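Since the structure comes first, as structure tokens, the remarks are kept for the end.
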Amino acid sequence: MPTTLQPGKLVYERAIFRPLGDRYMTMEMGGEPTVVCNVKVVAMREALKSTRIPGIIGYVMIPRGLTVVYEPLEIGPEKLKAVLREVEQEAQGVEKVRSRFMEIPTWYDDPWTQECARAHNVPHNVDFIAEKNGMTKQQLVERVSNLEYWVSAVFFYIGAYNAFPLDPEGVVSAPKYVIPRTWTPDRTVAYAGTFVGSYALPGPGGYQMLGRTPLNLFELEPKNAIFRETGNSILCRYSDRHVYRSIDEQEYNDIRAQVEAGTYDYPVRHETYNIKRYSEAVLRGDRIRPQDFVEHAW
Amino acid sequence: MIEILEPGVQCSIQDRGRTVKLLEESWAPCGAADNLAYRVANLLVGNNPGDHFLSGRGVGNEVTEDPGDAALEVTLFGTQLRFQGDAVIAVTGADLTATLNGSEVELWRALRVKPGDVLQFGMSRCGMRAYVAIAGGLDTPVVQGSRSTFVLMGIGGLGRALQAGDVLPTGTPSAPLDELARRRLKPHLVPQISVPAELRVVMGPQDERFTDEAVETFFGTEWKVGTAAGRSAIRLMGPRLSFRERPEYEAMLGGDDPSNIVDDTIPIGGVQVPGGSPIIIHCEGPTAGGYAKLATIISSDLWKAAQLRPMDPLRFKRVSLEDGIAALAEFRELTSESSILVS
């Protein structure tokens, strides 16, 4: 059966540090990755944007934490931790973040992911998730496509990400593959645990495949306007919000033709999201309507 | 210009790798897997070795990084190259019995080559990857700020590993060739590829997930490299490591195997242990993944991991984070102009 997430569970009072060798340091904000945990990660990342700390040169975000890549000969690990602690305090003041609302049209249970499942000797992934959650395939597609998701982090291989449902109620859950797939079609929209994750490029993977989007999630040479505007090779960013609208074969083909021609107008709304109010509402156990925390456009 | 006559097992264009900033867009850094041999090869021919791997200068959003001049990464055996002009080259890294027109080549020094000269790699005496730098560097396309090839994804370089018939343009040497040809690495600094390899690691990030017995086994075992020893991952063969009980959410969100965790950052050099068997993640690895990592190879020993061949033995040695950082300072000293001798 679909589950209700316990959103405040295992969010740490103060982040814990995990050194990863001599070049990386992770700040873990909680055990279980939930949106409440992730907005602390996002707030930390936002707070770091306005600070200038010599020796911090890069980041890797994950749903429950933030990893900094640093120059240990410039800033030692103890100094680094102390500085990050200070920023953690400042991050508590981050209330609103930029958030793009995007529709990711998805052809659920499409022929390519079906073929990929067959090639790996596993049942149709959509049937499998539906059965695990005591639903029909149609109910599953309806459930997943009606929810709004929060992109918690971009990670794994180029352009891949995780997105959590903003409404913690009635969440579908699915295990990862026991033996990871050797390949996955690009633009596959997939699901594992309680989150959506998509494959921007073909590659290995272990998330259950839900369907395929006609949208490019990666353009090395920008073709569609959205990639030119952002200057990024990848589409998705942390704190984006997604809806995976269900489309049929015909609409898939229509959109795909436009994307390939470089003329597709990606449906995006530039908004500000109040992560502080959202967290408070979730922790109070309020009924969550994700649009209630949209503040204004930018 | 360099013409690829035979690519061998794998030959690719690499520089010091992509900018650290791209990690946040989940690009692997790529670049030369053995950053020591790559840097020295470039220094020997008067090229720019770029900034150190995963390093930059400046603060905040203004951090700038120099990817360095591009060179060739040659893997294991069978690669043959022909030079189409007068040039100075250097071959460093693994001893793959390199010959120039049939005569064995001295590694770790600059060499003059003439048009039509053929550089050929035979069987490995030791090590997995050799580097060929040419004065002026390879003048191939820059993708996302670097000439390095993301071989796994087919991005960067020529969009793939090199093939027979590829012709690579080269840039302008930084000094007259006769001058460059006098450069060599100070003999006492020539890196030794030891067997078994000893890789120094810092514990973590998820060492608490392993049993005491697993930790003891990890450091007490002479591991063997499996057949998969690529630029993204190096699989090891040996005993299975065991895990402690884990919280319920890890099972629900991470996966059914006791080695699964909720997805977490994988550093280059991270030793993850899916199903109890260690895998070293290298320069083309994913930025995150769902397996517990017992330890992380210190950045100054990443080159040693890049030199592991299938079936090579290795051991892990535990060091403190402070010792790891001290080793990094030494490594940087070794891979600087002060290590070059001009005769």
Side-chain angles (χ1 to χ4, degrees), chain A residues 3 9-10 18-24 26 28 31-33 48-49 51-65 67 69 71-73 76-77 153-162 173 175-178 180 192-195 200-203 206 220 232-234 237-238, chain B residues 19-28 54-56 58-61 63 65 143-144 150 152-153 155 201-206 247 249-250 252-257 260 262-270 286-290 293 295-300 321-322 324-325 327-329 332:
Chain A
T3 50
K9 213 166 104 186
L10 294 171
R18 288 183 187 272
L20 305 82
D22 56 328
R23 301 301 316 281
Y24 300 65
T26 294
E28 194 173 286
E32 187 167 343
L48 279 162
K49 273 187 185 163
T51 53
R52 292 169 56 85
I53 305 167
I56 293 185
I57 55 168
Y59 303 96
V60 180
M61 277 176 77
I62 48 170
R64 61 171 167 175
T67 302
V69 183
E71 278 288 355
L73 301 175
V154 171
F155 61 80
F156 189 53
Y157 275 117
I158 304 177
Y161 63 87
N162 264 188
S173 71
K176 285 181 194 164
Y177 276 38
V178 179
T194 53
F195 13 84
L201 286 164
L220 191 54
N232 290 337
S233 60
I234 63 167
R237 282 203 299 250
Y238 67 85
Chain B
T19 159
V20 179
K21 280 180 211 160
L22 282 172
L23 283 178
E24 206 170 5
E25 295 181 23
S26 46
W27 279 74
L54 291 183
S55 293
V59 181
N61 292 327
V63 171
E65 292 170 63
V143 173
Q144 295 276 312
F150 196 160
L152 185 70
M153 290 290 174
I155 293 174
V201 297
V202 173
M203 293 297 275
Q206 282 92 29
Y249 69 86
E250 291 267 28
M252 180 181 140
L253 301 175
D256 289 336
D257 192 88
N260 283 134
V262 173
D263 289 338
D264 186 75
T265 305
I266 308 179
I268 307 303
T287 63
K293 293 163 291 293
T296 304
I297 297 170
I298 62 173
S299 56
S300 47
L321 181 50
E322 292 65 35
I325 294 167
L328 179 64
R332 292 201 172 168

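Chain A is the first sequence line, chain B the second, and so forth, proteins listed ahead of strands; every chain is numbered from 1. Quick caveat, the model's predicted, so the values are computed rather than measured.
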Any A:Leu73 side-chain heavy atom under 4.5 Å of B:Arg332 side chain:
yes
If you count heavy-atom pairs within less than 4.5 Å of chain B, which of A:Thr51, A:Ile57, A:Val69 leads?
A:Ile57
Specify the closest pair of heavy atoms between B:Gly56 and A:Glu71, including all atoms of both residues, with the distance to one decimal.
N-OE2, 3.7 Å
Under a 4.5 Å heavy-atom cut-off, does chain B meet the side chain of A:Tyr177, its backbone, both or neither?
neither
Assert top hit (heavy-atom pairs under 4.5 Å, partner chain A, pool B:Ser299, B:Gly204, B:Ala327) equals B:Ser299
Checking heavy atoms, do the side chain of B:Val63, its backbone, both or neither come under 4.5 Å from chain A?
side chain
Can you find a pair of side-chain heavy atoms, one from A:Pro72 and one from B:Leu328, that are under 4.5 Å apart?
yes
Under 4.5 Å from a heavy atom of chain B, the part of A:Arg23 involved:
side chain
Pairwise distance OG1(B:Thr296) to CZ(A:Arg18) - rounded to 0.5 angstrom:
11.0 Å
Pairwise side-chain contact, B:Thr287 with A:Thr67, heavy-atom cut-off 4.5 Å (strictly under)
no
Tell me which of these, A:Gly55, A:Pro175, A:Gly159, A:Gly206, has more heavy-atom pairs under 4.5 Å with chain B than the rest.
A:Gly159
Tell me, side chain or backbone of A:Ala160 under 4.5 Å from chain B's heavy atoms, or both, or neither?
backbone
In the structure I gave you, are the side-chain heavy atoms of A:Tyr157 and B:Leu152 within less than 4.5 Å of one another anywhere?
yes
Please enumerate all residues that pass side chain to side chain contact (heavy atoms under 4.5 Å, CB included) together with A:Pro77, with sequence neighbours excluded.
A:Met25, A:Tyr70, B:Leu321, B:Ile325
Quick one: are B:Met153 and A:Leu201 in side-chain contact, heavy atoms under 4.5 Å?
yes
Give the minimum heavy-atom separation between B:Ser26 and A:Val154, together with the two atoms involved.
OG-CG1, 3.4 Å
Is there a side-chain contact between B:Asp263 and A:Phe155, using heavy atoms and a 4.5 Å cut-off?
yes
Side chain to side chain, B:Val262 and A:Arg64, heavy atoms closer than 4.5 Å
yes
The criterion is salt bridge (charged side-chain N to carboxylate O under 4.0 Å, His left out); which residues satisfy it with B:Lys21, sequence neighbours excluded?
none
Smallest separation among heavy atoms of B:Gly290 and A:Lys176, with atom names:
CA-NZ, 4.0 Å
Should A:Phe156 and B:Pro286 count as side-chain neighbours, where that means a heavy-atom distance under 4.5 Å?
yes
About how many Å separate CD of B:Gln144 and CG of A:Asn232, when rounded to the nearest 0.5 Å?
8.5 Å
What's the spacing between B:Ile155 CD1 and A:Ile158 CD1 if we round to 0.5 Å?
4.0 Å
Closest non-hydrogen atom pair between A:Leu20 and B:Pro267, with its separation:
CD2-CD, 3.5 Å
For the candidates B:Val202, B:Val143, B:Asp257, B:Asp264, which exhibits the highest count of non-hydrogen atom pairs separated by less than 4.5 Å from chain A?
B:Asp264
For the residue pair A:Asp22 and B:Gly324, what are the closest heavy atoms and their distance?
OD2-O, 3.7 Å
Test item: A:Tyr24 side-chain N/O and B:Ile268 main-chain N/O as donor-acceptor pair under 3.5 Å:
yes
Please rank B:Gly269, B:Ala288, B:Ala295, B:Ser300 by heavy-atom pairs under 4.5 Å with chain A and give me the top one.
B:Ala288
